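Reviewing the structure listed below.
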Amino acid sequence: MSKLSKFLIVPDKFRTSLSASQASHAIKMSVLAYDKNATISEFSMTDGGDCFVDTIARAKEGAKIIRLKTIDPTGQTLTAKCAIMDEESALVGLTEASGLNLISPQDRNPGKLTTIGTGEIIAKLVERGYKTITVGVGGSASNDGGIGLLIPLGFKFLDAAGKDIEPNGFGLEKLDRIVPPATPIKAKFIVATDVTNPLFGKDGAALQFAEQKGATKEEAERLDANLRKLAQVAKKCLGKSCHDEPGAGAAGGCGYAMMTFLGAKRVSGFDLFAKATNLESHIKNCHVVITGEGKFDASSANGKGPYALAKLAAKYKKPVWILCGVSEFTEKDLADHKLTNVKIGQILPLAPNPLEALNRAPRYLAQMTKEFIEQHK
């Protein structure tokens, strides 16, 4: 018999392949196939990006998910989820209207896409009188420095001739002046970020993430320069710029926009998720934690969910299995990050090719889960 009987299953999404809930289901079914009496706790991971609204709202008694009409990153109309947490507070997830998940691979270009859709949701909630609005930022399709979030709230981003710039990352090239709304915004904001990266530079929003969103290397460098300009103009016109604050580079600069222009308090998206779901208690009571994501790499260590979960589990000396499509973490990397409690499994060495890995990810997740359990007999 296996020495394991209590499992905590908390995967993140496997982008372009599985949602967090689909990944969780595949792992859970494999555990139960091996031991039908196993005790399982499961959650869909969210660190501010995918599943943010659903997971956080469902964990709070009395919260209500609603849908509001807005636009996607290309400007097409859609209805997007947000949540009313109580009479005074609301919850917004950037991926619902501005996520990379909404854009087909051939249409992805973070310099041309915008976050205005999420800005429209925030503006509607402000108009309805909610006093505290929490926005989960992560998984964005764009690299617009967050200006799309701000335009529906009354901010103007102008060129040297006083005309509105294009509300996207490439449009920032022409930015010369920022005009805040005439009337102060009557709401407090909290921004939950999935990473701790700064706005620009080698670890910034563009150079770290833009190529993952469809940009070329040259476009990523161009976008990085544009984010530097945004910070310079913000400092000139507003007297402040939070470009070096942890999380400023989240979601193509949306963390920066909320902290600099809206005075938002920044929190870790994972910490907010962990608190809402009482995750630490579940870790204490399990024998093993199973998590995962499509790619486990250096960017995961900047605050993303599976890495943060592994660090939290290490506090209680719980083993963690990170099942992923592919990993760039070596045994030395794990040791350097003090993650000696972690074991990594990868789909790609099992699958004959990347397409097979994407199309049959549930099968390979189940296979890895079974193999890991058997190794603990």
Side-chain angles (χ1 to χ4, degrees), residues 10 12-13 19-21 43-73 78-102 115-142 146 148-150 152-153 185-195 247 250-252 254-259 261-279 303-305 308:
V10 196
D12 205 340
K13 77 279 182 190
S19 67
S21 61
F43 300 98
S44 295
M45 171 80 73
T46 182
D47 48 16
D50 298 72
C51 303
F52 184 74
V53 170
D54 281 329
T55 301
I56 303 301
R58 287 173 181 171
K60 180 176 170 59
E61 185 177 353
K64 179 183 178 183
I65 293 176
I66 63 171
R67 289 180 178 272
L68 296 177
K69 187 176 180 181
T70 185
I71 59 172
D72 73 7
L78 86 164
T79 56
K81 294 178 187 174
C82 59
I84 307 306
M85 305 302 282
D86 54 44
E87 290 184 355
E88 294 190 342
S89 61
L91 187 76
V92 177
L94 184 136
T95 55
E96 300 296 335
S98 308
L100 187 65
N101 54 300
L102 300 173
T115 55
I116 280 181
T118 300
E120 289 184 353
I121 294 174
I122 295 171
K124 288 177 181 179
L125 293 172
V126 169
E127 187 179 346
R128 295 182 185 192
Y130 292 99
K131 295 180 180 178
T132 302
I133 300 174
T134 300
V135 184
V137 300
S140 71
S142 75
L149 298 183
L150 302 169
L153 290 167
I185 298 168
K186 295 179 180 180
K188 292 183 179 179
F189 295 92
I190 298 169
V191 58
T193 72
D194 64 337
V195 295
C254 289
Y256 169 80
M258 294 202 65
M259 289 187 281
F261 297 89
L262 301 178
K265 175 187 176 183
R266 183 258 169 188
V267 299
S268 157
F270 175 81
D271 288 351
L272 193 152
F273 160 71
K275 182 178 179 180
T277 57
N278 198 18
L279 190 63
K304 290 193 175 181

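Everything quoted here is computed from the prediction, not taken from an experiment. Note that these values count all heavy atoms, side chains included, but never hydrogens, waters or copies made by symmetry.
From Phe43, atom CZ reaches atom OG1 of Thr55 across 9.5 Å, with rounding to the nearest 0.5 Å. Taking CD from Glu96 and CG from Asn101, the interatomic distance works out to 7.5 Å, rounded to the nearest 0.5 Å. The SG atom of Cys82 sits 10.0 Å away from atom CZ of Arg67, with the distance rounded to the nearest 0.5 Å. For the atom pair CE (Met45) and OG (Ser19), the distance works out to 13.5 Å, reported to the nearest 0.5 Å. Rounding to the nearest 0.5 angstrom, the gap separating the CD1 atom in Ile66 from the CD1 atom in Ile84 is 4.0 Å. One distance of note links NZ of Lys275 with CG of Asp271; it measures 10.0 Å at 0.5 Å rounding.
Side chains of Val191 and Tyr256 form no contact here, defined as non-hydrogen atoms less than 4.5 Å apart. Contact annotation: the side chain of Asp194 never approaches that of Val137 to less than 4.5 Å [non-hydrogen atoms, C-beta and beyond]. Contact of the Thr134 side chain with the Phe189 side chain is not registered, since no non-hydrogen atoms from C-beta on lie closer than 4.5 Å. For the pair Leu94 and Cys254, the minimum side-chain heavy-atom distance is below 4.5 Å. Two residues are said to be in side-chain contact when any heavy atoms from C-beta on lie closer than 4.5 Å; Phe52 and Leu91 meet this criterion. Under the 4.5 Å side-chain criterion, counting only non-hydrogen atoms from C-beta, Thr132 is not in contact with Glu88. Residues Val10 and Phe273 have side chains in contact (heavy-atom distance under 4.5 Å, counting atoms from C-beta outward). Counting only heavy atoms from C-beta outward, the side chains of Thr193 and Ser268 never approach each other to under 4.5 Å.
When every heavy atom of Ala192 is checked against every heavy atom of Gly269, the shortest pair comes out as CB-CA, 3.9 Å. When all heavy atoms of Asp72 and Leu78 are compared, the closest pair comes out as N-CD2, 3.2 Å. Between Ala251 and Gly138, the shortest heavy-atom distance links the atoms CB-N, 3.7 Å. Across every non-hydrogen atom of Arg266 and Gly247, the tightest pair is NE-CA, 4.3 Å. Taking all atoms of both residues into account, the shortest heavy-atom contact from Ala97 to Pro73 is O-CD, 3.2 Å. Heavy-atom minimum distance, Pro152 versus Ala123: O-CB, 3.7 Å.
Between the side chain of Asp47 and the main chain of Gly305, a donor-acceptor pair closer than 3.5 Å is present. Listed for the Lys124 side chain is a donor-acceptor partner under 3.5 Å among the backbone atoms of Lys69. In terms of modelled atom types and a separation under 3.5 Å, the side chain of Thr70 and the main chain of Gly117 share a donor-acceptor contact. Between the side chain of Thr115 and the backbone N or O of Ser98 there is no donor-acceptor pair closer than 3.5 Å.
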Practice problem: Test side chain to side chain contact (heavy atoms under 4.5 Å, CB included) on Val92 and Leu125 and set out the steps. | Solution: CA-CA 9 Å; Val92 177; Leu125 293 172; 3.4 Å; yes

Self-check item: Steps toward side chain to side chain contact (heavy atoms under 4.5 Å, CB included) verdict (Val53, Thr46)
Solution: CA-CA 9 Å; Val53 170; Thr46 182; over 6 Å; no

Exercise. Determine, step by step, whether Val126 and Ile133 satisfy the side chain to side chain contact (heavy atoms under 4.5 Å, CB included) criterion, reporting the C-alpha distance in whole Å, the side-chain angles of both residues, the deciding distance to 0.1 Å, and the verdict.
Key: CA-CA 8 Å; Val126 169; Ile133 300 174; 3.7 Å; yes

Exercise. In sequence, state the C-alpha distance, the side-chain angles, and the governing distance for Thr79 and Leu68, and then conclude on side chain to side chain contact (heavy atoms under 4.5 Å, CB included).
Key: CA-CA 5 Å; Thr79 56; Leu68 296 177; over 6 Å; no

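Residues passing the side-chain hydrogen bond (donor to acceptor under 3.5 Å, both in side chains) test with Lys81 are Asp54, sequence neighbours excluded. Partners of Asp86 by side-chain hydrogen bond (donor to acceptor under 3.5 Å, both in side chains), not counting sequence neighbours, listed by chain and number: Ser89.
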